[in-house]
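Below is one structure. I have some questions about it.
Since the structure is predicted, the reported quantities are computational estimates derived from the model, not experimental observations. The chains referred to below are lettered A, B, ... by the order of the sequence lines, with proteins before strands, and numbering in each begins at 1.
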Amino acid sequence: VIVYTTLLYVLGKARDLKAVEFIFEEMKKECRPNVYTYNTMILACRRANMVGEAKIWLQKMKEDGVQPNIVTFNSLIDIYGKLGTVEELKMVKREMEVSGVQPDVVTFNTLIAFYGRHKMVEEAEAVQREMEVAGVQADIMTFNSLLSLYGKQGMVDKAEMTWEKMVMAGCKPDTTAFTLLMSLYKKHGMVEKAEALQKNMLRAGVQPNIVTFNMLIDSYGKSGMVEKVKSVQEEMEMAGFVQE
RNA sequence: UACUUUAUG
């Protein structure tokens, strides 16, 4: 089962839905798909932008007597958040409650990310409060999603407050967090803060990754700072990234 | 170390 599911996962990532369905049928001849398998199928639909299909798989899974778990619901919420409507999203949430599955930190993070994409600051903050009420500890994803949202909205104060909260919560900012905040500072021409942050990052032992470098290059490129672009490229090479 | 959520393009 694991072998088949892994295979389905790979094919799903490659957006080869035809192959995915074929393998699924083959698999059923030999063994019984489990909750992982169905979750993988739903994921494959998401990548193929097929919202309706996802719902069909949920149906099939229930008919098979496989109980949807927290990952199933989180995946569905993500699908509807990205491709569907708010109404559908709420339906999934209701179904989740009915099934007696408690929302976890990923559920909340997904919702915050969803509202973030739609620049719905109020709603995102409401989710955050809901989270506190439910006694769910915010994690790095939560904070990063919020940073991203405030970044898009140009709400520097809020972003900094989020950063403080993150540190106070004992949550170590990761590469993504540093990249987000640096990007925000740069967009607002706060070059000194951005550079100070970059130093902090190194001091904290957080490694820049490919995204960090791309962001820096993009940012310097837009400002016409050719020399800076070059120095970033050198740093990249030193860090062992291959230029394309 | 089989499945879900965040940053650049």
Side-chain angles (χ1 to χ4, degrees), chain A residues 1-13 20 23-24 27 31 33-47 54 57-58 61 66-82 89 92 96 101 103-118 124 127-128 131 136 138-152 159 162-163 166 171 173-187 194 197 201 206-222 229 232 236 241 243-244:
Chain A
V1 185
I2 294 182
V3 173
Y4 271 114
T5 303
T6 307
L7 182 58
L8 288 169
Y9 179 69
V10 171
L11 292 171
K13 264 217 292 225
V20 167
I23 298 291
F24 187 82
M27 172 178 185
C31 47
N34 64 14
V35 63
Y36 284 93
T37 314
Y38 280 106
N39 288 344
T40 302
M41 296 308 288
I42 289 172
L43 231 207
C45 295
R46 196 203 86 175
R47 294 200 224 268
W57 282 107
L58 178 65
M61 136 178 225
V66 177
Q67 277 296 327
N69 65 7
I70 183 71
V71 174
T72 315
F73 285 114
N74 287 344
S75 299
L76 286 168
I77 288 173
D78 183 48
I79 291 181
Y80 289 122
K82 287 198 171 90
L89 198 151
V92 175
M96 184 167 166
V101 177
D104 70 353
V105 63
V106 175
T107 316
F108 289 117
N109 288 349
T110 307
L111 289 170
I112 290 176
F114 166 74
Y115 289 126
R117 270 192 299 276
H118 290 261
V127 173
Q128 208 190 356
M131 211 167 157
V136 176
D139 71 356
I140 188 76
M141 294 281 194
T142 319
F143 291 118
N144 286 350
S145 297
L146 287 168
L147 282 177
S148 168
L149 169 62
Y150 294 136
K152 277 184 198 133
T162 304
W163 186 271
M166 169 158 63
C171 196
D174 65 355
T175 304
T176 302
F178 277 106
T179 305
L180 278 163
L181 196 58
M182 267 172 54
S183 163
L184 175 60
Y185 284 145
K186 284 187 181 292
K187 263 189 220 146
L197 192 63
M201 175 166 154
V206 176
Q207 291 299 325
N209 63 11
I210 188 72
V211 177
T212 315
F213 286 123
N214 283 343
M215 188 279 293
L216 286 170
I217 289 175
D218 187 53
S219 156
Y220 286 131
K222 277 179 187 146
V229 172
V232 172
M236 265 178 91
F241 289 102
Q243 286 283 344
E244 313 205 356

>> Less than 4.5 Å apart, side chain to side chain, heavy atoms only: is that true for A/F24 and A/T37?
In response: yes

> Should we count NZ of A/K152 as having more than 12 external heavy atoms under 6.0 Å?
Replying inline: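 For A/K152, atom NZ is crowded (more than 12 foreign heavy atoms under 6.0 Å).
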
> So, A/T40 side chain and A/Y36 main chain: donor-acceptor pair closer than 3.5 Å or not?
Replying inline: yes

>> Show the nearest heavy-atom pair for residues A/Y220 and A/V229, with the distance to one decimal.
In response: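 So the two residues come closest at CB-CG2, 3.6 Å.
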
> Just by protein heavy atoms under 4.0 Å, how would nucleotides 2-9 of chain B read 5' to 3' in B, S and -?
Replying inline: BBBBBBB-

>> Quick one: does any side-chain atom of A/T175 pair with a main-chain N or O of A/Q207 as donor and acceptor, under 3.5 Å?
In response: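 Yes.
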
